[in-house]
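In what follows, a structure is listed as structure tokens, so that the remarks can point back to it.
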Amino acid sequence: MLEIDNLTHVYGEGPTRHHAIDGLNLSVAEGELLCIVGPSGCGKSTLLRSIAGLIKPTGGAIKVQGELVRQTPANLAVVFQDYSRSLFPWMSVADNVALPLRRKDMTKQQRREAAHEALDSVGLAEAGRKYPFQLSGGMQQRVSIARALAYRPALMLMDEPFGSVDAQTREDLEDLVLKVRGHHQMTIVLITHDIDESVYVGDRVVVLSKAPAHVVGDLKVELPSPRDQISSREHPDFVHLRAEVGRLVRGVASV
Ligand code: ADP
């Protein structure tokens with residue numbers, strides 16, 4: 001689904017030059033839910049924006065379903081951390097979700113139905129006529145997830161998607177992602193700085209070094225499914241893996 005070969009990215013030049021990514025290699029299989037963790041500022045968002053075709057890396061190659069990424073791939077959707085800036089405040093929730101579907105060959109009625117179905121799958125079937133400001137932060141992030149789901153992407157990228165919500169909502173959203181990935185056959189790459197979250201949600205956890213980022217760990221997570229916030233987190237494999245990921249992240253962190 002995704003092949004990253006010797007990715008390198010350098011921002012700016014001269015005194016403002018910053019080497020963000022250095023020789024990063026990674027491949028993600030179809031249907032996999034991969035979590036990427038790494039120290040703050042290591043280059044995780046730079047990596048994700050490169051995959052999404054939002055920045056042009058200075059070196060290396062990225063392929064999505066075998067196609068070299070030159071602009072945003074048509075079969076890709078992104079969920080950002082900052083839901084308050086990613087939803088249009090003047091559009092209803094249903095219109096926000098339906099908006100990207102204009103890129104697809106669908107009638108207005110089909111777009112409306114797809115938006116409703118996606119909102120239903122994130123537990124917001126009744127919220128379509130509301131406006132984003134009438135919803136809580138967690139609900140707004142659900143709308144962002146619904147918008148990505150309605151688009152039916154082959155690859156969904158999530159950049160710290162639960163970073164701006166409270167702890168309880170965060171757990172609910174983690175479970176929502178696990179639920180929807182079961183229904184929609186999708187590959188998901190989720191970026192987080194939360195070690196526990198990466199192990200709880202991921203099929204696999206990739207750990208990045210501090211800048212310039214490259215892969216320092218690649219661990220398979222084989223926790224029993226379905227996962228559960230209480231029992232999965234006390235499972236001996238979970239405890240073992242979070243310690244291992246923690247060691248890898250701290251071993252390379254500058255603090
Ligand atoms: P992370 O997501 O891991 O916190 P980022 O990918 O956002 O890290 O940023 C990695 C580094 O690149 C940071 O030190 C950041 O200051 C720098 N950076 C990010 N965007 C730019 C930019 N447009 N120009 C210059 N430096 C940037």
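For this chain, numbers begin at 1 and follow the sequence in order. Atoms within a ligand are numbered from 1 in the order they appear, just like the ligands themselves.
- A distance-only check finds no donor-acceptor pair linking the side chain of Ser225 to the backbone of Arg227 [under 3.5 Å].
- Taking atom 8 (O) of ligand 1 as the reference point, the nearest protein heavy-atom neighbour is Gly43 N, 3.2 Å.
- Between the choices Thr46, Ile191, Val10, Thr16, the shortest heavy-atom distance to atom 5 (P) of ligand 1 belongs to Thr46.
- Gly38 does not count as a contact of ligand 1, since none of its heavy atoms falls under 4.0 Å from the ligand.
- Ion pairing between Lys220 and Asp203 fails under the 4.0 Å rule for side-chain N and carboxylate O.
- Ligand 1 places these atoms under 4.0 Å from at least one heavy atom of Ser45: 1 (P), 2 (O), 6 (O), 7 (O).
- Atom 21 (C) of ligand 1 lies below 4.0 Å from at least one non-hydrogen atom of the protein.
- Think of Phe88 as one node in a network of Ile, Leu, Val, Met, Phe, Trp and Tyr side chains linked at under 4.5 Å; its network also takes in Trp90, Met91, Leu99.
- Judged by distance alone, the side chains of Tyr131 and Asp95 never bring a donor and an acceptor atom under 3.5 Å apart.
- Using a 4.5 Å cut-off between side-chain heavy atoms of Ile, Leu, Val, Met, Phe, Trp and Tyr, Tyr11 falls into a hydrophobic cluster with Ile55.
- In this structure, Gly12 falls outside the shell of residues with a heavy atom less than 4.0 angstrom from ligand 1.
- In terms of polar-atom proximity, Gly41 is counted as a contact of ligand 1, with an N or O under 3.5 Å from an N or O of the ligand.
- In this structure, Arg170 pairs ionically with Asp194, as a charged nitrogen and a carboxylate oxygen lie closer than 4.0 Å.
- Ligand 1 has Cys42 within reach: a non-hydrogen atom of the residue lies less than 4.0 Å from it.
- Of the protein's non-hydrogen atoms, Tyr11 CD1, 3.3 Å is the one closest to atom 27 (C) of ligand 1.
- Among His18, Lys44, Arg49, the residue whose heavy atom lies closest to atom 17 (C) of ligand 1 is His18.
- A distance-only check finds a donor-acceptor pair linking the side chain of Lys179 to the backbone of Ser121 [under 3.5 Å].
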